[in-house]
There are 2 protein chains.
Amino acid sequence: MVQDDDGAFAPEDAPPSSGFLDDGKNTIGSQLASRLREAIISGELQAGSKINLDKARKTFNVSLSPLREGLARLISDGLVEFEDNRGYRVSAISLANLEEITTLREEFEVFALRESMRLGDVEWEGNVMRALHRLNRTERDAARPETLERWEELHREYHLTLISGCGKPILLHFCRLLLNLNDRYRRVFLTRTSGDRNVSQEHSEIAQGAVARDLDYACDMLRQHIHRTGTNLRNHLSTKGIL
Amino acid sequence: MVQDDDGAFAPEDAPPSSGFLDDGKNTIGSQLASRLREAIISGELQAGSKINLDKARKTFNVSLSPLREGLARLISDGLVEFEDNRGYRVSAISLANLEEITTLREEFEVFALRESMRLGDVEWEGNVMRALHRLNRTERDAARPETLERWEELHREYHLTLISGCGKPILLHFCRLLLNLNDRYRRVFLTRTSGDRNVSQEHSEIAQGAVARDLDYACDMLRQHIHRTGTNLRNHLSTKGIL
DNA sequence: CCTTGACAGATAATCGATTATTTGGATAGT
DNA sequence: ACTATCCAAATAATCGATTATCTGTCAAGG
């Protein structure tokens with residue numbers, strides 16, 4: 001929470017940040033939020049499971065105050081739920097939930113992209129091309145988890161950059177949240193791309209359409225991209241079991 | 001947080017609740033969240049102002065833990081912002097912010113209404129008609145603040161009910177948040193309806209179109225309704241000063 | 001006169017201990 | 001056996017005190 005200050009819903013997670021010094025999160029609460037977020041999105045903390053404060057306190061070696069602080073932020077992220085006197089639990093996953101996320105991404109991420117194309121400046125274009133390049137140059141090898149993590153990070157960055165020109169902080173906040181939720185499904189259920197897709201090419205097409213301001217084309221490509229991912233995830237979800 | 005349990009983004013503020021006993025919020029944190037929310041939406045806590053934890057602690061006569069707890073929830077509501085080591089502040093208002101809220105309501109709320117009409121059952125229809133009736137039977141007299149508060153509550157209830165049939169908890173969460181933000185502008189800047197509008201009739205037309213499943217008509221009416229409110233607020237905002 | 005650094009007061013973050021609530025299991029009554 | 005009631009352990013919520021960070025002010029140096 002260091003960089004931005006343009007009103008409500010400023011980006012809450014640090015961008016690339018070509019790190020000088022002091023770049024990381026400051027308070028224990030913030031650090032915890034990051035660690036917990038990663039633990040949830042990676043599936044280390046199982047979806048739907050209860051979060052025992054005392055155990056978590058010992059696991060992370062912190063006191064209750066920052067722990068609650070961190071959890072509170074994940075509630076804003078949609079990754080954790082809370083009930084008075086009953087504590088916290090990791091948000092459950094379900095087919096219905098996945099489908100809602102996909103549907104909403106198709107609606108709102110596409111809307112945000114359209115607005116970005118309408119309003120974005122040259123710097124936005126540059127950021128898009130950079131994010132695309134970095135993503136496509138990164139290998140994704142199911143055998144090496146660290147490449148998966150890296151790829152996820154860049155993929156997230158790419159999608160956020162794509163819509164970052166829309167000039168609508170609240171909308172960006174919503175999209176970020178949906179991406180969080182979506183990424184968890186992918187991290188857990190999808191370690192490799194389905195054979196009939198060329199995801200790199202999909203990303204390229206969207207980005208090129210975007211900087212060329214070909215509104216309908218880019219929006220359509222993005223919508224299909226999201227939709228395909230949703231379909232793949234749905235298949236893996238029903239196959240691999242959880243219902 | 002007593003009633004619902006259907007996964008992520010369950011409604012977080014108690015519905016009518018034809019109160020037996022024990023109906024209110026349980027923990028101090030919850031109660032504080034309610035009081036603070038009201039204080040912010042009513043304008044009692046000025047937009048953009050810093051929230052001094054120590055003063056707030058004394059004002060509300062509570063300890064820091066529940067205070068932070070309550071504030072954390074308002075962050076999820078978009079009414080409060082936070083920055084590490086700098087504390088909390090009431091989200092600022094601005095023309096740009098108002099316009100974004102209006103735009104997003106037009107997109108999201110209309111989409112949610114369409115889905116409600118597509119998926120809602122008879123009970124939903126009944127709820128809509130009830131909410132409409134209760135709203136239209138409630139007088140709104142600028143001279144008596146308590147009628148304004150009551151009207152706001154029912155108005156909010158009406159809009160939420162309208163979209164409550166959409167079967168999309170996350171979407172409902174977004175809409176609730178946008179309504180919160182929007183209501184603050186109205187409470188602060190608009191104590192009476194502009195002369196050329198018949199708001200009751202607008203509400204009736206939307207509701208009737210909705211239960212008749214006249215998708216295009218109802219959506220169009222709702223969009224216009226939201227848009228008109230946005231325009232009115234914009235005028236009052238620029239007139240009454242803050243820029 | 002402007003900039004830099006050090007100090008002090010204000011404010012936020014964290015801790016450890018205490019209090020309140022919930023939950024599961026044992027017990028008594030039917 | 002079956003339900004209802006009561007206890008105790010587990011867990012969440014809150015508190016008061018302590019520690020860390022920030023912010024503004026003032027003095028020294030340029």
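Below, chains carry the letters A, B, ... as their sequence lines are ordered, and counting in each starts from 1.
- Rounded to whole Å, the distance from CD1 on A/I28 to C1' on D/dT18 is 13 Å.
- A/E153 and A/R156 are not joined by a salt bridge, as no carboxylate oxygen comes within less than 4.0 angstrom of a charged side-chain nitrogen.
- Taking a cutoff of 4.0 Å between a charged side-chain nitrogen and a carboxylate oxygen, A/R73 and B/D84 qualify as a salt bridge.
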Might you list the N or O atoms of the protein lying below 3.5 Å from N or O atoms in nucleotides 22-24 of chain C, with each pair's distance?
unit_1, atom_1, unit_2, atom_2, d
C/dT23, OP1, A/R86, NE, 3.1

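- If you take CZ of B/R89 and C1' of C/dT11, they are 13 Å apart, rounded to a whole angstrom.
- Applying the salt bridge (Lys or Arg N to Asp or Glu O under 4.0 Å) test to A/R35 and every residue at least two apart in sequence or in another chain returns nothing.
- Here C/dA12 presents its P atom at 12 Å from NZ of B/K58, a figure rounded to the nearest Å.
- A/R186 and A/H155 form a side-chain donor-acceptor contact under 3.5 Å, judged by distance and modelled atom types alone.
- With hydrogens and angles disregarded, no donor-acceptor distance shorter than 3.5 Å links the side chain of B/W151 to the backbone of B/E146.
- In this structure, B/L64 atom CG and D/dT18 atom C1' are separated by 12 Å, rounded to whole Å.
- Sorted by first then second residue, the side-chain hydrogen bond (donor to acceptor under 3.5 Å, both in side chains) pairs that include residues 161-170 of chain A, not counting sequence neighbours, are A/E115-A/K168.
- Distance, A/L71 CG to D/dA12 C1': 12 Å, rounded to whole Å.
- A/E125 is linked by a salt bridge (Lys or Arg N to Asp or Glu O under 4.0 Å) to A/R213, counting only residues two or more places apart in sequence or in another chain.
- Between the CZ atom of A/R57 and the C1' atom of D/dT11 there is a distance of 12 Å, given to the nearest Å.
- A heavy atom lying under 4.0 Å from DNA chain C marks the following residues of residues 48-55 of chain B, by number: B/K50, B/I51, B/N52, B/L53.
- Per the geometry, CG belonging to B/L67 stands 14 Å off P belonging to D/dG16, to the nearest Å.
- In this view, B/Y158 and B/H203 satisfy the ring-ring contact (aromatic ring centres under 6.0 Å, His included) rule, not counting sequence neighbours.
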